[in-house]
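This report refers to the structure that appears directly beneath it.
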2 protein chains.
Amino acid sequence: MGARFLKSIRLLAECMQGYERLSGEYVRRSGLTHAQFDIIATLGNTPGMSYKELGEKTLITKGTLTGVIERLEQKGLVERQRSDCDKRSFFVRLTKEGERVFCDVFPEVISQSGKVFAHYTPDDFSALEKTLSELKNVIMAGHLPGTPEHDCD
Amino acid sequence: MGARFLKSIRLLAECMQGYERLSGEYVRRSGLTHAQFDIIATLGNTPGMSYKELGEKTLITKGTLTGVIERLEQKGLVERQRSDCDKRSFFVRLTKEGERVFCDVFPEVISQSGKVFAHYTPDDFSALEKTLSELKNVIMAGHLPGTPEHDCD
DNA sequence: TATTGTTATACTCTATAACTATA
DNA sequence: TATAGTTATAGAGTATAACAATA
């Protein structure tokens with residue numbers, strides 16, 4: 001029962017929870033739900049990606065993803081395009097308006113929630129990034145290695 | 001736009017997401033939803049707490065909490081008791097069965113998801129705990145200091 | 001036959017606000 | 001008047017499974 005990693009996980013959860021509480025207010029203020037913001041944030045600064053990839057990155061299952069994307073499409077924030085190489089597949093990307101929201105809402109969320117880091121030094125950041133990167137590595141290694149990933153465009 | 005903390009937050013989110021993916025399978029297998037598991041995990045190893053406190057710790061708003069607790073009560077996993085000192089307030093705690101689930105599901109989730117830490121050294125844990133504790137501190141400091149907290153029982 | 005995305009169902013969570021009963 | 005919890009409502013996310021089109 002004395003699994004030491006539990007303390008880290010609890011800290012991890014508390015940090016995430018705290019940060020979400022901090023940023024959540026600004027997310028909601030933008031009229032986006034958490035899941036929708038997740039999608040926008042994931043698509044931001046990318047050329048777009050398939051439903052499959054989007055689902056994997058955001059932990060949203062395909063059935064749900066249809067609905068979330070649908071609402072974002074209605075809002076004119078994302079657009080879909082049939083993939084050329086696999087006609088079953090859609091390519092989802094931000095529209096101009098979606099990019100505007102990303103560039104608008106994101107920095108606002110960022111600047112507000114980033115205030116708490118005012119006194120962090122470069123060394124503090126380095127240490128944090130290092131330990132989190134290692135943590136991410138072991139966690140991701142725990143997932144099945146099956147990520148076939150076909151080259152396409 | 002080059003806010004350095006973003007990298008840390010992204011790593012944080014990826015770690016949390018990865019861990020939830022890892023543990024989520026076992027949580028669902030127990031028949032609990034994520035929110036329900038949150039409650040059980042929060043109540044575990046405590047004498048119980050009020051709705052208010054529970055809501056603060058889990059980020060679940062009071063209106064929602066009523067429903068979540070209701071379902072857990074129906075399952076016989078938690079019980080409520082009027083607070084002596086404040087009759088508006090309920091005291092929520094795990095039942096015997098709830099403790100059994102906590103002691104049963106939790107370790108299973110823990111042992112399965114903990115496998116990825118097999119090669120972590122005490123130093124690795126120390127470093128992780130240290131950086132996360134610091135992170136938690138600055139994040140929590142970002143919340144309003146108003147946590148009056150009345151002593152009671 | 002396997003995979004991508006859709007549809008349908010049933011349930012759960014969420015935000016919000018009006019309400020009650022206590023304080 | 002303010003606070004703890006309830007109720008009601010509308011919207012959104014979730015798991016799951018059956019389905020179409022494509023690979």
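Quick caveat, the model's predicted, so the values are computed rather than measured.
Nearest to the side chain of A:Thr61, among C:dT4, C:dA15, D:dT16, sits D:dT16. Checked against C:dT4, D:dG13, C:dT12, the side chain of B:Arg71 finds its nearest nucleotide in C:dT12. Comparing C:dA21, C:dT3, D:dG13 by their closest approach to the side chain of A:Arg88 singles out C:dT3. When distances run from any side-chain atom of B:Phe90 to the nucleotides C:dT14, D:dG13, D:dG5, the shortest one goes to D:dG5. Checking C:dA15, D:dA4, C:dT4 against the side-chain heavy atoms of B:Asp86 singles out D:dA4 as nearest. Comparing atom distances between the A:Ile60 side chain and each of C:dT3, D:dA15, D:dT14 picks out D:dT14 as nearest. When distances run from any side-chain atom of A:Arg80 to the nucleotides D:dG5, C:dG5, D:dA23, the shortest one goes to C:dG5.
Distances shown here put a side-chain N or O of A:Tyr51 below 4.0 Å from the OP1 or OP2 atom of C:dT6. Here A:Thr64 does not reach the OP1 or OP2 of D:dA12: none of its side-chain N or O atoms lies under 4.0 Å away. OP1 or OP2 of C:dT4 has not a single side-chain nitrogen or oxygen of A:Ser50 nearer than 4.0 Å.
Residue B:Glu25 contributes atom CD, which lies 12 Å from atom P of D:dA15 at whole-angstrom precision. Here the C1' atom of nucleotide C:dA15 and the NE2 atom of A:His34 are 15 Å apart, to the nearest Å. If you measure from atom CD of A:Gln36 to atom P of D:dG11, you get 13 Å, rounded to the nearest angstrom. With rounding to whole Å, B:Lys62 atom NZ is found 14 Å from C:dC19 atom P. A straight line from CZ of B:Arg82 to P of C:dA23 spans 9 Å, rounded to a whole angstrom. Rounded to whole Å, the distance from CD1 on B:Ile39 to C1' on C:dT14 is 14 Å. Rounded to an integer number of Å, the gap from CD of B:Glu56 to P of D:dA4 is 9 Å. Taking atom CD of A:Glu20 as the reference point, atom P of C:dT14 lies 11 Å away to the nearest angstrom.
The CZ atom of B:Phe102 sits 9.5 Å away from the CG atom of B:Leu43 when rounded to the nearest 0.5 Å. A:Glu53 contributes atom CD, which lies 8.0 Å from atom OG1 of A:Thr46 (distance to the nearest 0.5 angstrom).
By the 4.5 Å heavy-atom criterion applied to side chains, B:Val68 and B:Thr64 are counted as neighbours.
Mapping B:Lys87 and B:Thr33 onto DNA chain C by nearest heavy atom places B:Thr33 closer to the 5' end of the strand. Each of B:Thr66 and A:Val68 was matched to the nucleotide of DNA chain D holding its nearest heavy atom; the match closer to the 5' end belongs to B:Thr66.
The six-membered or imidazole ring of A:Phe91 lies away from that of A:Tyr51, with a centre-to-centre distance of 6.0 Å or more.
Under 3.5 Å, the side chains of B:Gln36 and B:Arg71 contain no donor-acceptor pair of N or O atoms.
Cation-pi geometry between B:Arg82 and B:Phe90 is satisfied (NZ or CZ under 6.0 Å from the ring centre, within 45° of the ring normal).
Within the 4.0 angstrom heavy-atom criterion, base atoms lie near B:Gly63.
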